[in-house]
2 protein chains.
Amino acid sequence: MSKQAAALTLTDITADASCCPPITEHRIPAETAAILAPAFKALGDPVRLQLMSMIASASEGEICVCELTPAFELSGPTISHHLKTLREAGLVDAERRGTWVYYRARPGILHQLATLLTAQTPVDA
Amino acid sequence: MSKQAAALTLTDITADASCCPPITEHRIPAETAAILAPAFKALGDPVRLQLMSMIASASEGEICVCELTPAFELSGPTISHHLKTLREAGLVDAERRGTWVYYRARPGILHQLATLLTAQTPVDA
DNA sequence: TCTCTGATTAGACAAACGTCAAGACAGTGC
DNA sequence: GCACTGTCTTGACGTTTGTCTAATCAGAGA
């Protein structure tokens, strides 16, 4: 229930690259945490992390599902399930062209998460 | 079972800041994904994300549990459980001084994750 | 139109997660 | 030494997640 709302709001945030200062600067508001946590959760599975890296590092900016599926020892539906999770988290976009479906990363949200984690190193001595 | 092994290995990685190039450059090896995914998973809960931000943004570089617990509408043990998750993920360190326990962030691992997500923007057109 | 290939959806099950209540442990002050 | 305060650990329960098989949907080619 909150998942869908979060995905929608996260999509909005993706358009605004200055929403979230690093966690080393300010405490994250509960709302922001509720919105961004699903994105981290989506990356919290080894298979999805690899899928995300394969999609993000694809040479033409996109990659066919037919290349992703055989790269894992998992069934097609399972890979599809993980891709759906990444999609709902706003991390990737999917597009069907002819027989195959192509996935591409959404750099905005990745940049968002990276900025959140980037330390200005005022922490510790 | 794999969680503990991952936590240990992640602790090692924290010492090496150059282990993980951005996912936009290379596909993540399965081993690396298995090691880093638990860290993202640990950040995949709104409460833990807020806890992490409170710890990372603490003015003296550390923060007392007695400040963290009342900031949430959750029981003490539940907060303790989440802190343990962050600890096992290698994201924070805990130290007991007198009555209270103090938590401090480990900038290394945060930098690690941020680097992984940072795009050199070769993706897309 | 029919058939074939490929991706997604639906349903089911085991494992892991988030939460709380109760009990145990550590340190302080008298 | 003893009682008190505060935190952590253990055990339990309901929910969510990850995986599979079977079925459905979308497009290409004959």
Side-chain angles (χ1 to χ4, degrees), chain A residues 1-7 30 33-34 37-52 54-55 62-89 91-104, chain B residues 1-7 30 33-34 37-52 54-55 62-89 91-104:
Chain A
M1 33 193 94
S2 64
K3 186 180 294 180
Q4 283 141 352
F40 282 116
K41 177 182 278 187
L43 295 176
D45 182 273
V47 173
R48 287 197 294 270
L49 198 52
Q50 282 187 91
L51 283 170
M52 190 68 221
M54 290 180 73
I55 296 170
E62 63 184 12
I63 189 170
C64 177
V65 171
C66 57
E67 284 187 71
L68 297 173
T69 303
F72 300 87
E73 307 259 339
L74 295 171
S75 69
T78 296
I79 296 298
S80 183
H81 165 73
H82 284 304
L83 289 171
K84 182 181 181 181
T85 300
L86 291 174
R87 228 162 48 223
E88 289 181 345
L91 291 165
V92 300
D93 273 329
E95 183 190 358
R96 172 164 225 130
R97 282 208 305 280
T99 305
W100 288 284
V101 176
Y102 293 84
Y103 278 81
R104 63 174 56 229
Chain B
M1 37 189 90
S2 63
K3 184 181 296 181
Q4 282 141 350
F40 283 115
K41 178 181 279 188
L43 295 176
D45 182 272
V47 173
R48 286 197 295 269
L49 197 52
Q50 282 188 90
L51 283 170
M52 190 66 221
M54 290 181 72
I55 296 170
E62 63 183 11
I63 189 168
C64 177
V65 171
C66 58
E67 285 187 69
L68 296 173
T69 302
F72 299 87
E73 307 260 338
L74 293 171
S75 69
T78 297
I79 296 297
S80 183
H81 166 72
H82 283 303
L83 288 171
K84 182 181 180 182
T85 300
L86 291 174
R87 227 162 49 224
E88 289 181 344
L91 291 165
V92 300
D93 273 329
E95 183 189 358
R96 172 166 224 129
R97 284 209 303 280
T99 303
W100 287 284
V101 176
Y102 293 84
Y103 279 81
R104 62 173 57 229

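This is a predicted model, so every value here is computed, not measured.
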Round to the nearest Å and state the distance from A:R97 atom CZ to C:dG6 atom P.
18 Å

Whole Å only: how far is the CD atom of A:E88 from the P atom of D:dT17?
10 Å

Over how many whole Å does the gap from A:D45 atom CG to D:dT16 atom P extend?
18 Å

Can you tell me how far P of D:dG18 sits from CG of A:L49, to the nearest Å?
13 Å

Would B:T78 and B:V47 count as a side chain to side chain contact (heavy atoms under 4.5 Å, CB included) if you check the C-alpha gap in whole Å, the side-chain angles of each, and the deciding distance to 0.1 Å?
CA-CA 10 Å; B:T78 297; B:V47 173; over 6 Å; no

How do A:G98 and B:V65 order along DNA chain D: which one's closest nucleotide is nearer the 5' end?
B:V65

Rounded to the nearest 0.5 Å, how far apart are CD1 of A:I55 and CG of A:L91?
9.0 Å

Go through the steps to decide whether B:V92 and B:L83 satisfy the test side chain to side chain contact (heavy atoms under 4.5 Å, CB included), and finish with yes or no.
CA-CA 8 Å; B:V92 300; B:L83 288 171; 5.6 Å; no

Between C:dT28 and B:R96, is there an OP1 or OP2 to side-chain N/O distance shorter than 4.0 Å?
no

What is the distance, to the nearest angstrom, from the CZ atom on B:R87 to the P atom on D:dT7?
14 Å

Taking C-beta and beyond as the side chain, do A:H82 and A:F72 meet within less than 4.5 Å on heavy atoms?
no

In terms of the nearest nucleotide of DNA chain C, which residue is placed more toward the 5' end: A:W100 or A:K41?
A:W100

Kindly determine whether A:D45 and A:L51 satisfy side chain to side chain contact (heavy atoms under 4.5 Å, CB included), including the steps that lead there.
CA-CA 10 Å; A:D45 182 273; A:L51 283 170; over 6 Å; no

If a pair means Watson-Crick or G-U wobble with both distances below 3.5 Å, what does DNA chain D look like in dot-bracket form, with | marking bases paired to a different strand?
||||||||||||||||||||||||||||||

Closest approach of A:V101 to A:A94 (non-hydrogen atoms, all atoms of both residues)
CG1-CB, 4.3 Å

If you compare all heavy atoms of A:Q50 against all heavy atoms of B:A33, which two are closest, and at what distance to 0.1 Å?
CG-CB, 3.6 Å

Contact class for A:Y103 (heavy atom, under 4.0 Å): base, sugar-phosphate, or nothing?
sugar-phosphate

Using a heavy-atom cut-off of under 4.0 Å over every strand shown, decide if A:R48 touches base, sugar-phosphate, or nothing.
sugar-phosphate

Residue-level proximity of residues 73-86 of chain A to DNA chain C when a heavy atom falls under 4.0 Å
A:P77, A:S80, A:K84

Any side-chain to backbone donor/acceptor pair from A:T69 onto A:V65? Under 3.5 Å, distance only.
yes

When you look at A:R87 and A:K84, which way does the side chain to side chain contact (heavy atoms under 4.5 Å, CB included) test go after all the steps?
CA-CA 5 Å; A:R87 228 162 48 223; A:K84 182 181 181 181; 3.6 Å; yes

Gap between atoms CZ and C1', on B:F72 and C:dT19 respectively (whole Å):
15 Å

